[in-house]
Amino acid sequence: MWTCKNLWKKLAPLARSSSTLCRQNARGVVLNNDRRLPLVPQAHMSSGTPGSGGDNNLYYLLVGATCVGGGFYAYRTIKGDKERYQERINEIASRPNKVVPEQPITEAPGEQAAETPQAPEPVVGPAPEESVGTPDADPVVDSEAALVARSVSEEAVEQPSEPTLSEPSVEPSPVEVTEEPPASVVESEPTPVAESLPAETAEPQTETESETESAAEPATVAPAEVPAPTPVEFPSHAPYLLIGGGTASFAAARSIRARDPGARVLIITDEPDLPYMRPPLSKELWFSDDPSVVDTLRFKQWNGKERSIYFQPPSFYVSPQDLEKVENGGVAVLTGKKVVHMDVRGNKVTLSDNTEISYDKCLIATGGVPRNLQVIERAGEEVTKRTTLFRKVEDFKALDKVSRDTKSITIIGGGFLGSELACALGRRSADSDLEVIQMFPEKGNMGKVLPEYLSNWTTAKVKSEGVTIITEALVKAVSFKDGKVEIKLKDGRVVKTDHIVAAVGLEPSVELAKSAGLEVDSDFGGFRVNAELQARSNIWVAGDAACFYDIRLGRRRVEHHDHAVVSGRLAGENMTGANKPYWHQSMFWSDLGPDVGYEAIGIVDSSLPTVGVFAKATAKDTPKAATEKSGTGIRSESETEGTASSPVASSTPEPPPVPEQKDNYGKGVIFYLRDKVVVGIILWNVFNRMPVARKIIKDGEEHADLNEVAKLFNIHED
């Protein structure tokens with residue numbers, strides 16, 4: 001402040017003289033032009049002694065505040081720069097402990113440098129590379145230079161196949177910094193990280209002349225063991241990341257590659273198998289005559305053709321570690337890994353082993369897990385280990401073994417899966433002493449789907465396969481007594497068996513919803529998605545885990561193969577920028593052996609009013625005949641490409657009315673109605689007509705006579 005006052009003392013006279021000169025010039029101009037300038041208020045500068053005027057005090061205050069503020073800002077800036085510099089130095093100093101396996105071998109073959117600091121050339125080393133740790137004159141300055149050089153080389157060069165062991169604590173002497181590399185330089189074998197690190201730590205005495213110095217510092221071994229268990233098995237980044245290894249994921253991968261031939265797709269699945277189809281696990285595999293079907297997982301379809309349950313052989317996929325290297329991209333599958341956390345803002349996922357993988361686009365196709373009865377979960381370990389929740393390949397193999405080693409199996413559940421397994425095991429029991437029991441709370445098989453008359457007929461069909469049916473069975477308790485599993489029902493009945501198969505539905509896998517901040521539907525379960533199957537930016541959901549909005553039938557969640565195929569395909573297209581809405585009406589099918597089967601679409605619920613139109617079946621009206629005609633056992637793969645014209649009545653003469661089929665429903669069409677509009681259709685032993693059914697539901701019209709609509713399916717043709 002005093003400096004400012006002295007400065008003002010010198011400048012004030014100049015300011016006053018300048019002001020006086022300006023007034024004189026203005027007066028002269030007025031006299032020369034014979035007119036006066038308009039008078040405006042002028043700011044007069046005080047000419048009094050410093051400190052005696054109010055204006056001077058204001059100037060002092062402003063100038064002083066400016067000087068103080070500038071000095072404070074300069075002080076803060078210098079102090080902040082110093083702190084950031086110190087933090088950077090500390091970070092560099094701690095790097096040798098963090099990235100031990102990435103330290104390149106160009107790091108100084110410097111055993112000779114450790115003994116003779118002035119030597120400019122290394123004596124020991126497999127290659128004439130420059131040593132970044134060669135000391136100069138000043139050892140103190142050189143330690144910081146060595147640290148900076150180490151950090152630069154670690155970021156610029158990555159040679160994970162030949163990692164080196166580093167000093168865990170940074171010493172100021174350059175001798176300490178360059179003392180370790182000889183132990184790794186002698187490792188000339190191009191072994192992977194997971195193998196080279198144990199070799200170095202196990203035999204430190206066989207390296208070079210510096211072995212005694214290395215052995216004298218056992219602290220260097222401990223840090224090297226930390227990164228060793230994480231070998232480089234997969235890329236750290238995947239442009240397209242698909243979570244789940246089921247049908248939806250594979251369909252999405254194929255769709256992505258079709259639209260983007262150079263795409264790199266990584267599928268992560270917690271199963272040990274490559275993507276495969278699930279329907280044969282409860283259908284064709286059980287009817288195979290090949291005793292090695294459990295190992296080969298190859299089966300004959302109803303049309304007699306043989307195929308594998310896997311979508312593609314292993315040669316179709318690229319290895320995960322080569323995904324980033326292949327020229328034209330590809331599809332890689334990372335098996336036995338589970339995604340446990342999603343960071344949607346950072347576009348990365350965390351696996352169960354804490355490995356992180358980043359992505360550009362992500363698909364969640366986690367499917368679901370089989371439900372279990374609470375009474376079984378509370379029954380104890382003996383009951384739990386004698387219970388199968390059927391879903392995966394390993395479940396099929398386990399149940400196949402159980403069916404050959406035990407005397408009785410009880411299936412709890414009367415839906416699609418329970419009825420298919422009951423027929424399959426019942427057919428096998430004909431050649432053995434196996435007792436197969438099926439129990440469910442409904443009055444007949446598939447009682448929640450089929451109308452009562454058709455459910456009763458289906459129950460009789462299952463019984464004819466050698467299955468004991470227990471209807472209206474509500475399980476009260478399960479226990480293990482005298483080497484048998486004892487099932488007590490609420491009506492007092494008791495069933496004793498050797499093994500239980502719980503087929504009571506599927507629970508969608510939504511564990512990632514919490515970490516990803518995704519919405520789960522409270523009514524149907526699953527991730528809520530928009531019309532493009534998108535849950536959030538760069539995240540899509542397909543398959544059993546997707547709860548989507550059907551423009552005709554409202555919000556739904558579907559657990560069938562065809563939906564997984566179509567939703568996965570559409571999600572893959574949208575991940576590549578297609579932006580297509582999901583308008584497809586997916587279908588599903590179920591076969592009770594090679595002679596009886598049905599296909600369904602829309603909402604098929606036995607609580608809805610139904611209209612059934614049936615006709616006499618012929619030899620070609622069976623699943624076996626249908627697959628022989630279409631050439632495929634997975635019917636949705638062929639029918640989803642079909643199209644149908646608008647429903648138009650057939651021009652053929654109307655056949656006489658078909659009498660009611662009391663004992664045998666050979667083939668027919670069942671319409672499910674809601675507000676007089678068809679919302680669901682079952683084609684009973686009628687095949688390759690699904691495009692027509694899809695068109696009827698899509699139109700959403702009322703039909704006065706459904707017998708006329710049934711003619712569109714040609715059920716009266718021989």
#### Entry: Residue pair Ile268, Leu241: steps toward the side chain to side chain contact (heavy atoms under 4.5 Å, CB included) verdict
CA-CA 8 Å; Ile268 301 179; Leu241 181 65; 3.5 Å; yes
Member of [options] meeting the side chain to side chain contact (heavy atoms under 4.5 Å, CB included) criterion with [X]:
| X | options | answer |
| --- | --- | --- |
| Phe527 | Leu533, Asp521, Thr366 | Thr366 |
| Leu334 | Val339, Leu323, Thr355, Leu351 | Leu351 |
| Ile243 | Leu363, Val349, Asp270, Ile539 | Val349 |

Looking at every heavy atom in both [X] and [Y], which two are closest together, and how far apart are they?
| X | Y | value |
| --- | --- | --- |
| Ala571 | Ala542 | CB-CB, 4.2 Å |
| Ser567 | Gly543 | OG-N, 3.0 Å |
| Gly245 | Ile267 | CA-CG2, 3.9 Å |
| Val520 | Ala513 | CG2-CB, 3.5 Å |
| Leu512 | Val340 | CD2-C, 3.8 Å |
| Ala332 | Pro320 | CB-CA, 3.8 Å |

Mind checking the [atom1]-[atom2] spacing from [X] to [Y]? Nearest 0.5 Å is all I need.
| X | Y | atom1 | atom2 | value |
| --- | --- | --- | --- | --- |
| Lys337 | Thr335 | NZ | OG1 | 8.5 Å |
| Met575 | Ile256 | CE | CD1 | 4.5 Å |
| Arg557 | Arg528 | CZ | CZ | 13.0 Å |
| Gln312 | Ser315 | CD | OG | 8.0 Å |
| Asn579 | Glu532 | CG | CD | 6.5 Å |
| Arg555 | Phe524 | CZ | CZ | 8.5 Å |

Counterpart residues, side-chain contact (heavy atoms from CB on, under 4.5 Å), relative to [X] (two or more places apart):
| X | answer |
| --- | --- |
| Glu507 | Val369, Arg371 |
| Val393 | Asp273, Tyr276, Leu281, Leu297, Ile309, Lys397 |
| Glu573 | Ser255, Arg259, Arg569, Leu570, Ala578, Lys580 |

key: Which residues share a salt bridge (charged side-chain N to carboxylate O under 4.0 Å, His left out) with Arg257, sequence neighbours left out   =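 Partners of Arg257 under the salt bridge (charged side-chain N to carboxylate O under 4.0 Å, His left out) test: none.
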Practice problem: Applying salt bridge (charged side-chain N to carboxylate O under 4.0 Å, His left out), name anything that partners Glu356, two or more places apart in sequence or on another chain. | Solution: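 Glu356: salt bridge (charged side-chain N to carboxylate O under 4.0 Å, His left out) contacts with Lys348.
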Holding to ring-ring contact (aromatic ring centres under 6.0 Å, His included), I want the full list of residues that pass it with Tyr317, two or more places apart in sequence or in another chain.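 Checked Tyr317 against ring-ring contact (aromatic ring centres under 6.0 Å, His included); zero matches.
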Tell me whether [X] contacts the main-chain N or O of [Y] through its side chain, where contact means a donor paired with an acceptor under 3.5 Å.
| X | Y | result |
| --- | --- | --- |
| Ser515 | Met342 | yes |
| Ser249 | Leu242 | no |
| Asn538 | Lys361 | no |
| Arg536 | Ala516 | yes |

For a side chain to side chain contact (heavy atoms under 4.5 Å, CB included) check, start with the C-alpha distance between Phe548 and Val541, then their side-chain angles and the critical distance, and finish with the verdict.
CA-CA 9 Å; Phe548 62 97; Val541 186; over 6 Å; no
Q) Looking at side-chain heavy atoms only, is the closest gap between Phe311 and Leu274 below 4.5 Å? A) no
**Asked** Can you check side chain to side chain contact (heavy atoms under 4.5 Å, CB included) on Thr576 and Tyr240, steps first, answer last?
**Response** CA-CA 9 Å; Thr576 58; Tyr240 296 96; 3.7 Å; yes
_Let's go through Arg254 and Val331 carefully: what are the C-alpha distance in whole Å and the side-chain angles of both, what is the deciding distance for side chain to side chain contact (heavy atoms under 4.5 Å, CB included) to 0.1 Å, and is it a yes or a no?_
CA-CA 9 Å; Arg254 187 165 51 184; Val331 180; over 6 Å; no
